[in-house]
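One structure below.
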Amino acid sequence: MSKYYLSYLEELESEAIFVLREVWAQFQNPVILFSGGKDSIVVTHLAKKAFYPSKIPFALMHVDTGHNFPETIAFRDKLINELGVQLIVGSVQDSIDQGRVAEEKGKSATRNALQITTLLDAIEEHKIDCAIGGGRRDEEKARAKERFFSHRDDFGQWDPKNQRPELWNLFNGKYFEGEHFRVFPISNWTEMDVWNYILQEQIEIPSLYLAHEREVVWRNHSWIPNSEFLTLDPREKIVTKKIRFRTLGDITITGGIESEADTLEKIVQEVSAMRQTERGNRSDDKRSENAMEDRKKMGYF
């Protein structure tokens, strides 16, 4: 009798597809949180596989800081057009204009934390009961505490000490009025898994992940890209370097690394030798020891 074996990537893919189908079975109005980064791209690709030959049954939601990489927005719009799905955009600039949040000032100002209010407002406005994210446990210690199905109370807050057990892959998606869930189908994946899967599936990604020439400034131990939103210190100098980004976010806080990896094969080889977490170049995570967990408790991704 022949035996059927799955590779480790096939096992991870199967698990993620199972979680996505559970979301569709248990929730009324789920969305995929789409940032244009590699993890949300992989989740979207998995959703295509999970429901093929039908199109993805979820809308995609993007929380737009207004300080995005232009390449990210162009990639987002191209993908939405190809998929033929609804795009929901929550605007941080609108939140600022409406007085819902106050913009930070100074050299290290960022709109990253302001996304929390914009996200929660969009979830309430569109009556979303489940937001599917690309968070992975290997990224950061706060994300390591997440379950696949992560409950949020009626204020959108996360209590890491009060999460539901997930024995034998049984997921409890019951919630009261006003509450919702965040679901993370690729929780068990590593950065290396993501890149190996992108290579295997030949998934299109933004050019920002590939090494390219760009104007940058050295700040917080990483290369921050020059942009109209960057406030320079008199001692800082703009230089041109060949860099790539391991993770994407607000252009003012996303640091790049010097690299020659301009193909997927070279990225896989480079990542295999890395000893620093991919979020080590994110300025927002360096504000305090518990920066990510504090934001997540308030409703962050």
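- Listed for the K237 side chain is no donor-acceptor partner under 3.5 Å among the backbone atoms of V217.
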Original post:
Are V89 and V63 close enough, and set up right, to give a side-chain contact (heavy atoms from CB on, under 4.5 Å), and what steps lead you there?
Top reply: CA-CA 6 Å; V89 178; V63 178; over 6 Å; no
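- With respect to E236 and R219, a salt bridge is recorded, a charged nitrogen being found less than 4.0 Å from a carboxylate O.
- Taking 4.5 Å as the limit, some side-chain heavy atom of V268 sits within range of a side-chain heavy atom of N196.
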Could you list the donor-acceptor pairs under 3.5 angstrom formed by side chains in residues 168-178, with sequence neighbours left out?
{"unit_1": "N172", "atom_1": "OD1", "unit_2": "R164", "atom_2": "NH1", "d": "3.4"}
{"unit_1": "N172", "atom_1": "OD1", "unit_2": "K174", "atom_2": "N", "d": "3.1"}
{"unit_1": "Y175", "atom_1": "OH", "unit_2": "D129", "atom_2": "OD2", "d": "2.8"}

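- With respect to K242 and E258, no salt bridge is recorded, no charged nitrogen being found less than 4.0 Å from a carboxylate O.
- In this structure a side-chain-to-backbone donor-acceptor pair under 3.5 Å is present from S187 to F184.
- Remark: S95 OG to I116 CD1 distance equals 11.5 Å, nearest 0.5 Å.
- The two residues L46 and A16 make their nearest non-hydrogen contact at CD1-CB, 3.7 Å.
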**OP:** Please report the C-alpha distance between R246 and Y209 in whole Å, then the side-chain angles of each, then the deciding distance to 0.1 Å, and finally whether the side-chain contact (heavy atoms from CB on, under 4.5 Å) criterion is met.
**Re:** CA-CA 6 Å; R246 293 177 68 190; Y209 284 112; 5.9 Å; no
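- Counting only distance, with no hydrogens or angles, the side chain of Q163 and the backbone of H151 share a donor-acceptor pair below 3.5 Å.
- Geometrically, R76 does not engage F69 in a cation-pi contact defined by less than 6.0 Å to the ring centre and at most 45° from the axis.
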Original post:
Hey, mind stepping through F34 and H62 against ring pair (Phe, Tyr, Trp, His ring centres under 6.0 Å) and telling me if it holds?
Top reply: CA-CA 5 Å; F34 189 82; H62 180 217; 7.3 Å; no
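- Checking Q93 against D97 by side-chain atom types alone, a donor-acceptor pair falls below 3.5 Å.
- Minimum interatomic distance between P165 and R147 (heavy atoms only, all atoms of both residues): CA-NH1, 3.3 Å.
- The backbone N or O of I253 sits nowhere less than 3.5 Å from a side-chain atom of D250 that would complete a donor-acceptor pair.
- Side-chain contact, N112 with T110: no donor N or O sits under 3.5 Å from an acceptor N or O.
- Separating the CD1 atom in I128 from the CG atom in N29 is a distance of 6.0 Å, to the nearest 0.5 Å.
- Counting heavy atoms from C-beta on, the side chains of H212 and D262 never come closer than 4.5 Å.
- Ion pair D159/K161 not flagged as a salt bridge, since none of the NZ, NE, NH1 or NH2 atoms sits closer than 4.0 Å to an Asp/Glu carboxylate oxygen.
- Annotation: the span from L114 atom CG to E104 atom CD amounts to 6.0 Å, rounded to 0.5 Å.
- Contact check on K241 versus E213 returns no salt bridge, with no Lys/Arg side-chain nitrogen under 4.0 Å from an Asp/Glu carboxylate oxygen.
- In terms of heavy atoms, P185 sits closest to G133 at CD-O, 3.3 Å.
- A 6.0 Å sphere centred on OH of Y52 holds no more than 12 heavy atoms belonging to other residues, nucleotides or ligands.
- Looking at heavy atoms from C-beta onward, C130 lies out of side-chain contact with F149 at the 4.5 angstrom threshold.
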**OP:** Under the side chain to side chain donor-acceptor pair (under 3.5 Å) rule, what do D121 and T118 come out as? Steps first, then yes or no, please.
**Re:** CA-CA 5 Å; D121 285 350; T118 305; over 6 Å; no
Original post:
Should R152 and E146 be marked as a salt bridge (Lys or Arg N to Asp or Glu O under 4.0 Å) after you check the CA-CA gap, both sets of side-chain angles, and the distance that decides it?
Top reply: CA-CA 12 Å; R152 297 297 194 272; E146 287 279 21; 3.3 Å; yes
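- Using the six-membered ring where Trp is involved, W189 and Y197 have ring planes that are perpendicular, over 60° apart on the 30 and 60° scheme.
- Distance check, rounded to the nearest 0.5 Å: NE2 of H45 to CD1 of I56 gives 10.0 Å.
- Taking 4.5 Å as the limit, some side-chain heavy atom of I198 sits within range of a side-chain heavy atom of V42.
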**OP:** Starting from the C-alpha separation in whole Å, work towards a yes-or-no answer on ring pair (Phe, Tyr, Trp, His ring centres under 6.0 Å) for F27 and F181.
**Re:** CA-CA 9 Å; F27 296 99; F181 274 78; 5.6 Å; yes
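- Here the closest heavy-atom approach between residue P225 and residue V216 is recorded as CA-CG1, 3.9 Å.
- A donor-acceptor pair shorter than 3.5 Å can be found between the side chains of E270 and S259.
- Contact check on E204 versus K78 returns a salt bridge, with a Lys/Arg side-chain nitrogen under 4.0 Å from an Asp/Glu carboxylate oxygen.
- Counted within 6.0 Å of CD on Q28, heavy atoms from surrounding residues, nucleotides or ligands total 12 or fewer; the atom is thus considered open.
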Subject >> D39 and I186: CA distance, side-chain angles, deciding distance, side-chain contact (heavy atoms from CB on, under 4.5 Å) verdict >> reply: CA-CA 8 Å; D39 300 315; I186 61 172; 4.0 Å; yes
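- Using a distance-only test at 3.5 Å, with no hydrogens or angles considered, a donor-acceptor pair links the side chain of Q202 to the main chain of L199.
- Taking the side chain as every heavy atom from C-beta outward, W195 and K38 approach each other to under 4.5 Å.
- A pairwise comparison of heavy atoms in G37 and L248 identifies CA-CD1, 4.3 Å as the closest pair.
- Shortest non-hydrogen contact noted between P57 and F51 is CD-CD1, 3.4 Å.
- Atom-to-atom distance recorded for R100:CZ and T117:OG1 is 6.0 Å, nearest 0.5 angstrom.
- Judged purely by atom type and a 3.5 angstrom limit, S14 has no side-chain atom pairing as donor or acceptor with the backbone of E10.
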Original post:
side-chain contact (heavy atoms from CB on, under 4.5 Å) between I123 and H180: does it pass, once the steps are laid out?
Top reply: CA-CA 9 Å; I123 286 174; H180 72 278; 3.6 Å; yes
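- A donor-acceptor distance shorter than 3.5 angstrom exists from the side chain of D64 to the backbone of G66, with no hydrogens or angles considered.
- Residues T44 and L83 have side chains in contact (heavy-atom distance under 4.5 Å, counting atoms from C-beta outward).
- Hydrophobic clustering (side-chain heavy atoms under 4.5 Å, transitive across Ile, Leu, Val, Met, Phe, Trp, Tyr) groups M192 together with L9.
- Residues I251 and F229 form a side-chain contact, since some pair of their non-hydrogen atoms from C-beta on lies under 4.5 Å apart.
- Note that CD of E215 and CG of N226 are 5.0 Å apart. Values are rounded to the nearest 0.5 Å.
- Surrounding CD of Q269 are at most 12 heavy atoms belonging to other residues, nucleotides or ligands under 6.0 Å away.
- Using a 4.0 Å cut-off between charged nitrogen and carboxylate oxygen, E260 and R244 do not count as a salt-bridge pair.
- Annotation: side chain of F148 is in contact with side chain of N188 (closest heavy-atom distance under 4.5 Å).
- Under a 3.5 Å cut-off, the side chain of R182 and the backbone N or O of I132 do not form any donor-acceptor pair.
- With hydrophobic clusters built from ILVMFWY side chains whose heavy atoms lie under 4.5 angstrom apart, F245 shares a cluster with V239.
- Salt-bridge annotation for E191 and R136: absent, with no side-chain N of the basic residue lying under 4.0 Å from a carboxylate O of the acidic one.
- At distances below 3.5 Å, not a single donor-acceptor pair connects side-chain atoms of H126 with backbone N or O atoms of E124.
- In this structure, W218 is a member of the same hydrophobic cluster as I243, with clusters built from ILVMFWY side-chain heavy atoms closer than 4.5 Å.
- Between the side chain of Q115 and the main chain of T65, no donor-acceptor pair closer than 3.5 Å is present.
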